[in-house]
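Single-structure report; data block below.
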Protein chains: 2
Amino acid sequence: MMDAKSPMDAKSPMRSSRTSIAAAPELTAGRSVTITDVASAAGVSPMTVSRVLNDRGGASAETRARVLEVAGALNYRPNSFAKNLRVDRSKVVGIVVPDIANPFFPEIIRGAELAARPAGYTLLTCNVVEDPEREEEVIGTLLERRVDGVILCSARLEEKRLLRAIEGHRAVVLINRVLPRRIAGTIEIDYAAAVEALVEKLIAQGRRRFAFASGLSTSYGGQKRRSGLDRALARHGLGLVTEVSSSPDLAGGSAVGRALLAHRGAIDALVCYNDLIAIGAMSVMKGEGIAVPEEIAVTGCDDIPVAAFVSPALTTLRVAKQDLGELAMRMLLDRIDGRNTQHGILIEPDLMARGTTDFP
Amino acid sequence: MMDAKSPMDAKSPMRSSRTSIAAAPELTAGRSVTITDVASAAGVSPMTVSRVLNDRGGASAETRARVLEVAGALNYRPNSFAKNLRVDRSKVVGIVVPDIANPFFPEIIRGAELAARPAGYTLLTCNVVEDPEREEEVIGTLLERRVDGVILCSARLEEKRLLRAIEGHRAVVLINRVLPRRIAGTIEIDYAAAVEALVEKLIAQGRRRFAFASGLSTSYGGQKRRSGLDRALARHGLGLVTEVSSSPDLAGGSAVGRALLAHRGAIDALVCYNDLIAIGAMSVMKGEGIAVPEEIAVTGCDDIPVAAFVSPALTTLRVAKQDLGELAMRMLLDRIDGRNTQHGILIEPDLMARGTTDFP
DNA sequence: TGATTTAACGATAGCGTTATCGTTCCTTAT
DNA sequence: ATAAGGAACGATAACGCTATCGTTAAATCA
């Protein structure tokens, strides 16, 4: 209740400095104001103050008003440690992302935050810079901090270690990773089907010689993209000309572009793990005079904001990132409250046909 | 000590499941393991366990080893609420950014994290989506959460409210905003000088008719960029053709681009508040057949990763974002420890001359 | 009227830690 | 041998909060 937004703020002119019950304006220096301070200033017991501030009832209108006024005048802030220790709830949830500098994740975070706030939860964002060790450590730290639950995005941790790491957490939701319903809620993006459909369209327009920029080999999502790609190619009796793995960022994309120079003429379509790789690769290719999409079609994945702003604009698979974040958070909150009804949700990306492919 | 990385991990094979002192493998379900559990299992007092786990000395080698082993076997995790309540320190610092989806900030966050971790601090990232109300509220929430300090990036809050909001916080560092040394450490980016130098170069190459995309009018950094621009123009007897304000993102940039269409022919250089606006505006201009840089030169600010990957590559003012984050964090940690030696640090951006201007 | 309920509080205890001081017991110096 | 010192612990209390139960007084009912 008190955590995200004090009821005081809602119901009483706390911040107005017109109040003058207790004149203690600038004692902020030393110890901070406790509930007991408020209680004695208002002439009631700490328990009454607690009741008022938490809207638990059991206080007369006059008492209530007086307490709120005093609390405001003293600029009282509940100590969340004491409260959380007592109630064994933190009203904090963690979200762990592989790389916050990848524009895919901030939007998920924003969505998660959007769903968390009205429920009174604070979101603790943790960046693990694509490092499994760090991931394991961070999940442990979150446990020490007694978060009420965790959302794990694209966890890279190997299954046994992942299980050990999340053991002890009250609630867990995974994005792009699966675990039994009892252990964690899971949300998957249907990359396989989406990439399959995308490749079908490329084949329909005459593309035959495909390269795949696969991102990190440890990525679960990368394997799913690959399987969709393979299915489409197989259906038409085609094989992959080459696969290049790289880090899933712009620098990785540059590396892919340079690697592909050796295959110039041998490929006419490049399917990328994500938009960053696509943009990085395209940049190198354009520098070498390779015409996109005439000579090589390029596709990304995610539809990060800048994808529509490069030129030619990038054809990609849009994932509703903010919705995804909201969905994950709602699922987590449900699990925190003991409801784990939803589980294996599958999200379908939308094909955003833009300039880097010449779809009709 | 215990917070970020337990000394147990460092000194003893805690996680090895070969230990068999107390056989309590899967009791994770109910209550979590407390220091008292460890104490009784190891046959010592809780105080002794606490001493061992915090490396305070006062324990024999045998006792120490036994305690560590038991703690490992029980998978003990200290309860940070209890600890923080007792010691009145959280080992958490907050960082407040206006928009986490703006690629400028994730890198600052990463830098801050880099400096925070070795010191045993966890970073709590808060996104305020360019909303002053939300900013005020978030700073208050951080106070309730008893963070040890806060870094505020580009605070949009009006001065009086800002002061009131940060009152009570143990330590505060501002990026791109100034307040007296006693109140907060400040780090400024010298946009005025950098933009001035940039505009001088544009003038030197013959540009005369300048437009300025100023971002949000409330931005302190925007005013500084403007003053640098004005100084350079004034020196050459030039005036600004037009100023367009917008949100500091890609959509804002598009709006700027569309607004500028009315001035086609009347401007030959567009100086933008940041790279996102520049990229958004360029995209519209290219769609309208305006040649960059031949007809209009475009410059950004920040040097976000994608700036070098659009085409033509964007000329911009590089800010060492990660260093900035590290610097801010170190300044904050100093303040938390009562040292506020550094204060008004000024960072100089570097001019990254690229394709959107035709500098020699 | 007397019995019973209800509202409005207060007193107490305890959440899991650690600071502080006290108690042993073993050295070492005198 | 005795005193003084230190090392290795244990007992206690407190951090700020709230769950729980107890108390009082007013309101309601038979």
Side-chain angles (χ1 to χ4, degrees), chain A residues 1-3 6-8 30-67 70-71 74-91 143-146 148 168, chain B residues 1-3 6-8 30-67 70-71 74-91 143-146 148 168:
Chain A
M1 280 287 129
M2 288 288 313
D3 277 299
S6 319
M8 320 183 272
R31 210 176 46 83
S32 54
V33 183
T34 76
I35 215 173
T36 313
D37 300 332
V38 177
S40 62
V44 295
S45 82
M47 203 51 238
T48 299
V49 176
S50 171
R51 271 189 281 252
V52 169
L53 297 182
N54 290 304
D55 268 331
R56 289 240 187 292
S60 68
E62 310 94 273
T63 307
R64 183 183 155 75
R66 188 152 32 93
V67 167
V70 172
L74 261 46
N75 199 18
Y76 167 74
R77 290 279 179 176
N79 181 323
S80 68
F81 296 147
K83 174 173 186 143
N84 295 342
L85 175 60
R86 182 65 239 233
V87 303
D88 197 30
R89 282 286 162 119
S90 63
K91 286 284 185 177
L143 191 55
E144 263 172 41
R145 300 261 173 228
R146 293 310 197 263
D148 291 338
Chain B
M1 275 282 127
M2 288 288 313
D3 276 302
S6 320
M8 321 183 272
R31 212 175 44 86
S32 55
V33 182
T34 76
I35 216 173
T36 313
D37 300 332
V38 177
S40 62
V44 296
S45 82
M47 204 50 239
T48 300
V49 176
S50 172
R51 271 190 280 253
V52 169
L53 296 182
N54 291 304
D55 269 330
R56 290 242 186 292
S60 68
E62 311 95 271
T63 307
R64 182 183 155 74
R66 189 153 33 91
V67 166
V70 172
L74 261 45
N75 199 17
Y76 168 72
R77 291 277 180 177
N79 181 324
S80 68
F81 296 148
K83 174 174 186 143
N84 296 340
L85 174 60
R86 182 63 242 234
V87 305
D88 198 29
R89 282 284 162 122
S90 64
K91 287 284 185 177
L143 191 56
E144 264 173 39
R145 301 258 173 230
R146 294 302 198 269
D148 291 338

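Naming: A, B, ... by sequence-line order, numbering from 1 per chain.
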According to a strict under-4.0 Å criterion, is [X] in side-chain N/O contact with OP1 or OP2 of [N]?
X	N	result
Arg77(B)	dG16(C)	no
Ser45(B)	dA11(D)	no
Asn79(A)	dC15(D)	no
Arg56(B)	dA19(C)	yes
Ser60(B)	dA7(D)	no
Tyr76(A)	dG16(D)	no
Thr48(B)	dG10(D)	yes
Thr36(A)	dC17(D)	no

> Nearest nucleotide by nearest heavy atom, which residue falls closer to the 5' end of DNA chain D, Ser50(A) or Gly58(B)?
Replying inline: Gly58(B)
> Between Gly57(B) and Val87(A), who's closer to the 5' end of DNA chain D by nearest nucleotide?
Replying inline: Gly57(B)
Nearest-angstrom distance from the residue atom [atom1] of [X] to [atom2] of [N]:
X	N	atom1	atom2	value
Arg146(A)	dG16(C)	CZ	P	9 Å
Arg89(B)	dT18(C)	CZ	P	15 Å
Asn84(A)	dT18(D)	CG	P	10 Å
Arg64(A)	dA7(C)	CZ	P	17 Å
Ile35(A)	dT12(C)	CD1	P	18 Å
Lys91(A)	dC17(D)	NZ	P	18 Å
Met47(A)	dT23(D)	CE	P	17 Å
Asp88(A)	dA19(D)	CG	C1'	13 Å

> Between the side-chain atoms of Arg86(B) and the base atoms of dT17(C), is any donor-acceptor pair under 3.5 Å?
Replying inline: no
> Below 3.5 Å, does any donor atom in the side chain of Arg51(A) face an acceptor in the base of dG10(C), or the other way round?
Replying inline: yes
Answer yes or no: is there a side-chain heavy-atom contact under 4.5 Å between [X] and [Y]?
X	Y	value
Val33(B)	Asn75(B)	no
Asn84(A)	Lys91(A)	no
Leu53(A)	Tyr76(A)	yes
Val44(A)	Val49(A)	yes

>> Please enumerate all residues that pass side-chain hydrogen bond (donor to acceptor under 3.5 Å, both in side chains) together with Arg146(B), with sequence neighbours excluded.
In response: Ser32(A)
Of all the nucleotides listed ([options]), which has the minimum atom distance to the side chain of [X]?
X	options	answer
Leu85(A)	dT18(C), dT18(D), dG16(D)	dG16(D)
Val44(A)	dT18(D), dG10(C), dT17(C)	dG10(C)
Asn54(B)	dT18(C), dA11(C), dC17(D)	dT18(C)

>> Please give me the minimum heavy-atom distance between Leu143(A) and Gly168(A), naming the atom from each residue.
In response: CD1-O, 3.6 Å
> Which pairs with one or both residues in residues 33-54 of chain B pass salt bridge (charged side-chain N to carboxylate O under 4.0 Å, His left out), sequence neighbours excluded?
Replying inline: Arg31(B)-Asp37(B)
>> Could you work out how much the helix from dT1(C)-dA30(D) to dT30(C)-dA1(D) bends, comparing the axis of its first five pairs with that of its last five, to 10°?
In response: 40°
> Is the backbone N or O of Ala42(A) less than 3.5 Å from a side-chain atom of Arg66(A), with the two atoms forming a donor-acceptor pair by type?
Replying inline: yes
